Amino acid sequence: MTTTQSHRVQTHEPILELNDVSVTFSMDRGDSRVVDEVTLDIERNEVLGIVGESGSGKSMLASALLDAVVEPGTVSGEITFNPQDEPSVSVLALSKGDRQRFRWEQIAMVFQGAMSSFNPVRTIRTHFVETLSAHDEDIETGMERAAGILEDLYLDPERVLDSYPHELSGGMKQRALIALSLVLEPEVLVMDEPTAALDLLMQRSIIGLLEEIKTQYDLTIVFITHDLPLVADIADRVAVLYAFEIAELGPTEEILSEPAHPYTRLLLKSTPNLQAPIESMQPVDGAAPDPVNVPDGCSFHPRCPLADETCRASDPDPAAVSARHTADCHHYEAAPGAIPIEPPEMDEIQRTPSHHDAADEPLLSLDELEVHFETEQKGLGLFSDPETVNAVDGVSLDIYENDVVVLVGESGCGKTTLGKAAIGLQEPTGGAVQYRGQDIYGDGSDVDATDRFTADEIRRALQIVHQDPGSSLNPHHRISAILEAPLKQWYDDLDGNDRQSRILGLLEHVGMTPADDYIDRYPHQLSGGEQQRVALIRAMLLNPELILADEPISALDVSLRVEMMDLLIQLQETFNTSYLFVSHDLSNARYIAEKTGGRIGVVYLGELVEIGPPEQIIHDPQHPYTRALRWATPQLTYRDDRAQTPPIRTIDIPDPTDPPSGCRYHTRCPQARAVCAESVPETKPGSDAVGHDVACYRVQDDHDYWEDDPIDDADLD
Amino acid sequence: MTDRDHRETLTDALDGTCTDGGTPTPFETVSQVTETREDKFRNVYDTYVRAPLSIVWGDWRARIGFAIILCYLLMGTVGTVVIEPTAPAEGPALAQPFETMDYPLGTTDMGRDLFSQVVHSTQEMLKMITAGALFSVTLGTVVGAVAGYKGGWVDTVLSAITDVFINIPGFPLVMVLVAIFEMGENPYMIGILLSVASWSGLARAIRSQVLTLRHESFVESARTMGLPTHVIVSKEIVPPLLPYIVINLTNAARRVIFEAAALYYLGILPFEDLNWGVTLQLAYEAEAHARPQALHWFLVPMAAITGISIGLILLGQSLDRVFNPRVRARHEKTTADDDTLEATTH
Amino acid sequence: MVFNNWRIRRVGQAVFTVWAVLTLSFALVRLMPGNPMGAMLVQLEQSGMNPARARELVEARLSVRPDEPIPIAYVNYLTSTVQGDLGQSIASGEPVANEIAQALPWTLFVMSWSLCITFILGVVVGALMAYWEGGRLDVGLTSWAILMGSIPFYVLAFLLLIFLSYRFGWFPAGGKYVAGTEPGFNLPFISGVVYHAILPVISMLVASGVASLGMRGNSIRVLGSDYLRVARLRGLSDLTISSQYVARNAILPMYTTLLISIGEMFGGSVVLEQVFQYKGLGYYLYRAVNIRDYPRMMGGFMVITIAVVIALFIADMTYSMIDPRAGGSSNESY
């Protein structure tokens with residue numbers, strides 16, 4: 001046992017024992033086993049993280065713990081529950097009534113979709129009351145308890161309880177759902193991707209709250225996620241799931257620093273994060289197997305660089321790596337040597353950061369850009385009282401040729417709107433966007449006729465790649481038709497064969513071979529990564545100068561993200577384009593920006609609060625909000641700052657229809673002082689680094705800010 | 001390098017000339033493809049003829065619906081030539097159905113052949129149906145699509161008009177209009193008149209769907225690619241709406257039949273030629289419903305109306321499959337047979 | 001905020017529709033070539049009345065004076081209509097408003113029962129189909145629903161009339177109540193009223209076919225939802241789950257079907273009441289059109305339209321009370 005864990009009373013006494021637990025679905029094509037003979041002890045008062053890619057069986061395992069696998073799935077094996085002061089219970093053998101009491105009273109579950117976990121037509125209070133009465137609890141004391149839990153989760157109990165689900169934000173709903181799962185004081189809480197749909201800050205805040213809740217309510221938590229860095233922040237032990245089996249299990253620190261299973265090692269390498277040098281990040285080749293088609297022997301052998309005859313022939317048993325650390329691998333001793341996690345000797349040429357002198361003419365120039373939306377636009381409009389959302393407010397930014405700018409921020413902060421306004425898809429309500437000096441929303445009269453670009457030229461120069469590849473390709477057209485549309489529109493001189501050969505060439509270029517096979521498919525017949533490649537090619541066919549990449553990787557599986565980012569970067573070099581990248585994830589932002597020598601811009605409530613090279617933004621952030629984002633980004637190391645108080649004062653983002661006065665961040669900023677609420681800080685250089693600008697009084701050493709009093713509960717430092 | 005030069009070299013790059021000396025452009029990797037006219041024809045045939053037929057044929061509802069509608073179409077075209085028109089007293093009064101093969105569906109109290117009446121009514125009914133269904137679906141789709149896609153004041157005005165028509169019960173309005181304008185016998189005009197208010201429901205539904213579709217990423221991509229509006233609407237917006245439009249087309253057709261027959265039955269529409277509604281009215285006036293031996297006179301036109309309605313409903317319900325890319329992919333020869341792939345992605 | 005705005009706008013929309021219908025009626029009577037005024041004059045003159053007298057009569061019956069300038073006539077027409085003056089019947093000379101007031105309750109009676117039963121039947125049958133999805137009952141009921149959807153209501157009405165009243169004599173073939181009973185709150189009268197309304201109400205139930213198919217789809221969707229799964233895990237009773245979770249969420253979208261039915265049913269009342277010789281508003285309108293009694297015709301049309309506008313308005317308002325998400329940005333409730 002390691003020293004970092006010694007502060008906790010750790011008994012190693014199992015509260016849940018799983019023995020050869022399998023979940024099977026009978027289908028026409030044969031039995032499909034989505035959890036395959038898992039044997040696992042869950043210890044009292046621990047946080048066990050279960051990590052796996054989508055389709056690895058992790059959600060099924062979670063449901064099996066409550067014997068709640070949906071029909072027609074069946075659970076076999078044995079699950080024993082050992083309550084605190086009562087005799088053990090065999091979960092799978094419970095009678096219907098006992099099972100009904102067991103669930104929620106002993107083990108409760110929080111689902112991924114908090115949005116859809118509440119009955120839309122009933123108030124939150126009703127959900128609590130009906131749960132209490134279904135378990136014959138006293139409503140009054142139960143509701144007092146509920147109010148207490150809600151308060152512990154930084155929610156206003158009265159307001160939340162009287163709301164309907166649709167009236168709460170995603171983060172509030174997720175916390176309300178956690179409170180609902182705790183209202184009967186269960187011993188175990190199973191959480192299936194509870195933060196997947198939330199923003200970084202909210203995600204990190206909830207993780208922090210879970211820590212507190214766990215101690216306060218004496219809980220054991222099973223935390224299921226696809227996000228390895230996230231689980232590293234909360235779990236005491238981590239189980240890595242691959243192809244419906246546990247591949248590796250051990251204390252978090254050991255799994256992160258000395259993983260023994262090749263899959264874990266490759267997964268770690270493929271996960272973008274803030275610390276590791278980007279050269280060490282590499283994608284995992286191949287794809288996870290289908291439940292009806294699991295390879296014989298070790299299920300990872302087709303993708304494993306260490307695989308040999310033994311691996312193909314026999315399925316490895318768990319091997320003890322250390323006292324509490326097992327790996328299901330024949331070669332666990334050789335793995336660390338064969339797959340180094342430390343970066344290889346650097347012989348790759350690091351791309352020099354592109355320097356842009358003031359003399360360079362920017363490709364695209366945003367000047368005090370402002371986009372305000374009016375909500376409530378429909379109907380006769382006679383009696384409506386529209387509210388204005390300031391999606392983008394006063395943003396100035398220059399993008400040069402072969403430049404990469406990554407915008408990061410919470411959802412709803414206006415980063416996508418900013419991007420769309422920049423490429424001419426969202427008419428701004430104020431300010432201007434200039435393409436090589438010409439206003440893209442104007443008629444071109446602002447420049448001389450000789451230098452003027454036509455509307456078509458500008459349109460072609462600015463392209464987009466969307467977040468969800470599934471919806472960016474029209475499901476009714478084949479790939480060939482989708483890719484032909486831009487060519488037909490812009491290259492009159494090409495005939496059908498020319499077009500097709502060009503499309504085939506590009507498909508092959510991005511690794512979709514045989515290309516002839518792909519062009520006759522419909523989008524639904526491609527995987528997410530392939531769909532995104534097609535969307536990317538479509539944008540590239542127009543040979544654009546700038547591509548707005550709107551979270552192009554967030555819909556993909558973790559192990560595919562690095563690969564897609566590498567492809568994006570490679571295409572950027574090949575085609576000499578610039579990228580305006582939008583991301584909610586600082587790790588991905590760093591990967592892209594560092595690899596291309598670009599910049600990271602941090603957006604908060606429609607304003608660009610800090611921009612600069614990744615080194616500065618990641619390692620020397622100046623704006624308190626950037627620091628909060630940095631804090632919220634999960635890291636692949638065991639953190640000592642787990643219990644640290646968050647560097648934000650309120651968890652919930654302010655209402656964008658009524659943004660705070662002065663610096664918009666002052667309501668959450670721990671360093672806010674009186675002046676921050678009164679006036680908007682101008683943008684000043686944040687460090688000596690070129691292009692590092694910050695909109696915060698704290699970078700101005702001689703500002704009156706330093707004389708002011710902190711507001712409310714802000715720190716004085 | 002000036003901006004203009006810059007653009008041109010980039011275009012060169014696209015044409016296959018490598019400009020930056022370093023990385024080769026992907027356009028150099030060109031596969032040789034030659035597609036002959038014959039290939040093209042085969043593709044078109046496969047997409048537009050073979051696949052839809054194969055889909056329709058794979059569904060029993062579609063087969064029945066198709067067969068029924070085909071029967072009515074034959075009656076309306078070939079039938080009028082083959083079957084002789086009826087005249088009073090050509091046969092015995094009130095012959096029962098299937099009594100003699102001369103009058104397979106029996107005769108009226110005037111001795112007119114009911115089968116011939118049904119057949120000869122079909123053409124006029126089909127004309128009404130076609131005109132009415134096309135009118136209401138076209139108007140509804142256009143109004144809804146324009147309101148949804150354009151937005152702004154166009155949307156405000158069109159939506160207000162749509163809302164008014166949704167609130168007006170169609171049948172009484174048509175009755176009043178027929179009474180005031182003293183409609184003639186042109187079946188196309190009658191079909192259109194019957195649909196004067198019914199387009200509004202479709203318009204509202206299409207509008208709300210277009211509002212959603214507008215924000216779909218693939219529509220935005222098309223806009224970003226600079227495709228002209230008519231291409232975006234016809235290639236990107238309309239295909240996803242087609243199943244819905246087809247169902248509404250058959251529903252509109254059924255409504256026209258129901259209402260036309262009702263108006264003739266009530267005697268509000270003037271008539272010269274016989275049709276199902278008129279037969280119904282004559283039967284009613286002759287108190288056929290109260291006389292057991294005349295019952296068939298009443299049942300025959302009702303069966304004709306119900307039959308075409310069942311055909312349309314079955315056809316409408318199954319035709320939407322033709323537009324579903326998942327179903328199409330399975331029925332087109334040119335696409336790989338990948339049932340397994342689809343099953344796993346689900 | 002948004003909620004109230006939406007309600008105010010909904011009132012505005014209803015008023016706008018009524019105004020549009022009134023204006024349409026005025027335009028039809030006054031402006032169209034071959035307008036009713038002209039037609040009435042011709043009618044009366046042909047029946048041997050002298051032109052001056054005929055003109056006087058037309059003015060009196062239609063509440064319009066032909067020599068008035070159009071705008072003034074329009075304003076007068078609007079004010080008198082809003083005050084409830086719909087002119088006088090040509091045939092009887094009675095105020096149309098009074099005649100309609102006599103006929104309307106009967107139509108409302110039949111319509112509200114048809115609507116209620118259609119709705120309940122659709123919900124119950126749809127829920128049954130969803131519960132046994134894919135089973136034999138499901139297939140059988142689905143076929144039944146398609147068949148119901150294919151039959152025009154008047155065909156069913158005729159079949160009922162032919163068999164249940166003429167053939168077997170179980171039900172009356174016409175009328176609204178038993179002749180000779182005293183109208184009022186007494187058992188013979190009320191039971192007679194119910195007895196006479198049974199066949200018309202049943203005829204209108206064809207709409208339940210479409211409704212049940214809708215309910216089936218909704219229920220299947222709710223049965224697969226996350227919140228239902230969570231509710232089961234929370235140990236809620238089957239009763240709570242089926243009533244508060246499945247039924248409530250599956251029925252809400254049914255309002256769409258209900259709202260469409262309102263317009264169709266009121267429109268259909270013309271044919272229905274003619275078939276059953278049930279003298280309500282629909283029959284009144286049918287007679288008026290047949291004898292070209294324009295004041296009756298326009299009055300009947302206006303009242304039917306206003307009834308539909310009010311019914312839709314009430315339905316929208318009650319819907320917004322049942323569904324907390326209604327109103328606001330998505331007012332696509334039907």
Side-chain angles (χ1 to χ4, degrees), chain A residues 29 290 292 377-381 401 423-425 436 451 453 456-457 459-464 466-468 471-478 485-486 489-491 496-497 500-502 504-506 508-510 515-517 520-525 527 535 538-539 542-543 545 573-576, chain B residues 2-4 6-7 10-11 13-14 16 19-20 22-35 40 151 155-156 159-160 163 211 216-228 231 235-236 239-240 242 323-326 328-329 332 334-336 338 340-345:
Chain A
R29 299 178 293 147
D290 189 66
V292 285
Q377 293 173 313
K378 21 179 61 179
L380 299 171
E401 274 175 36
I423 62 161
L425 283 179
R436 297 189 190 279
D451 295 335
F453 296 98
D456 281 348
E457 283 175 314
R459 182 65 279 149
R460 280 176 61 188
L462 309 172
Q463 289 300 311
I464 187 169
H466 287 96
Q467 171 171 15
D468 178 10
S471 71
S472 71
L473 308 177
N474 191 332
H476 292 262
H477 298 317
R478 295 183 207 209
Q489 182 66 30
W490 297 113
Y491 300 97
N497 288 333
Q500 203 170 2
S501 49
R502 190 161 288 190
L504 290 173
L506 268 176
E508 273 165 26
H509 182 80
V510 297
D516 309 45
D517 184 28
D520 281 328
R521 295 204 188 171
Y522 286 94
H524 76 266
Q525 295 171 308
S527 73
R538 179 175 56 182
L542 294 175
N543 205 10
E545 301 263 359
E573 281 174 40
T574 316
F575 284 86
N576 281 317
Chain B
T2 70
D3 303 332
R4 192 126 324 241
H6 186 81
R7 277 237 67 89
L10 280 167
T11 319
L14 198 69
T19 49
D20 57 357
T23 31
T25 80
F27 291 109
E28 287 180 353
T29 49
V30 158
S31 324
Q32 283 310 306
V33 191
T34 37
E35 191 185 43
K40 219 174 226 168
D155 182 22
T156 309
S159 295
D163 281 342
L211 277 180
E216 285 286 334
S217 304
F218 61 82
V219 175
E220 197 170 68
S221 297
R223 278 205 292 146
T224 320
M225 287 189 292
L227 301 187
V231 174
K235 290 274 171 73
E236 309 290 336
L242 273 180
F323 301 104
N324 182 340
R326 289 178 190 278
R328 286 194 78 105
E332 282 175 18
T334 40
T335 32
D338 44 13
T340 47
L341 186 129
E342 199 186 320
T344 52
T345 47

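Order of the sequence lines fixes the chain letters, A, B, ..., with proteins taken first and strands second; residue numbering starts at 1 for each chain. On a predicted model such as this, the values are computed, not experimentally measured, just so you know.
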Structural part of A:N474 lying under 4.5 Å from a heavy atom of chain B | both
Rounding to 0.5 Å, atoms NE2 (A:H476) and CZ (B:F218) come to a distance of 7.0 Å
Any side-chain heavy atom of A:Q489 within less than 4.5 Å of one from B:M225?
-> no
If one checks every heavy atom of A:L473 against chain B at 4.5 Å, the contacting part turns out to be backbone
Main-chain N/O of B:G226 paired with A:W490 side-chain donor or acceptor, under 3.5 Å | no
Looking only at heavy atoms, what is the nearest atom pair of A:H466 and B:S217, with distance?
-> CE1-O, 3.2 Å
Here the gap from B:E220 atom CD to A:I423 atom CD1, rounded to the nearest 0.5 Å, amounts to 7.0 Å
Partners passing side chain to side chain donor-acceptor pair (under 3.5 Å) against A:Q463 (at least two apart in sequence or in another chain) = none
Does B:T224 offer a backbone N or O that forms a donor-acceptor pair with the side chain of A:R459 under 3.5 Å?
-> yes
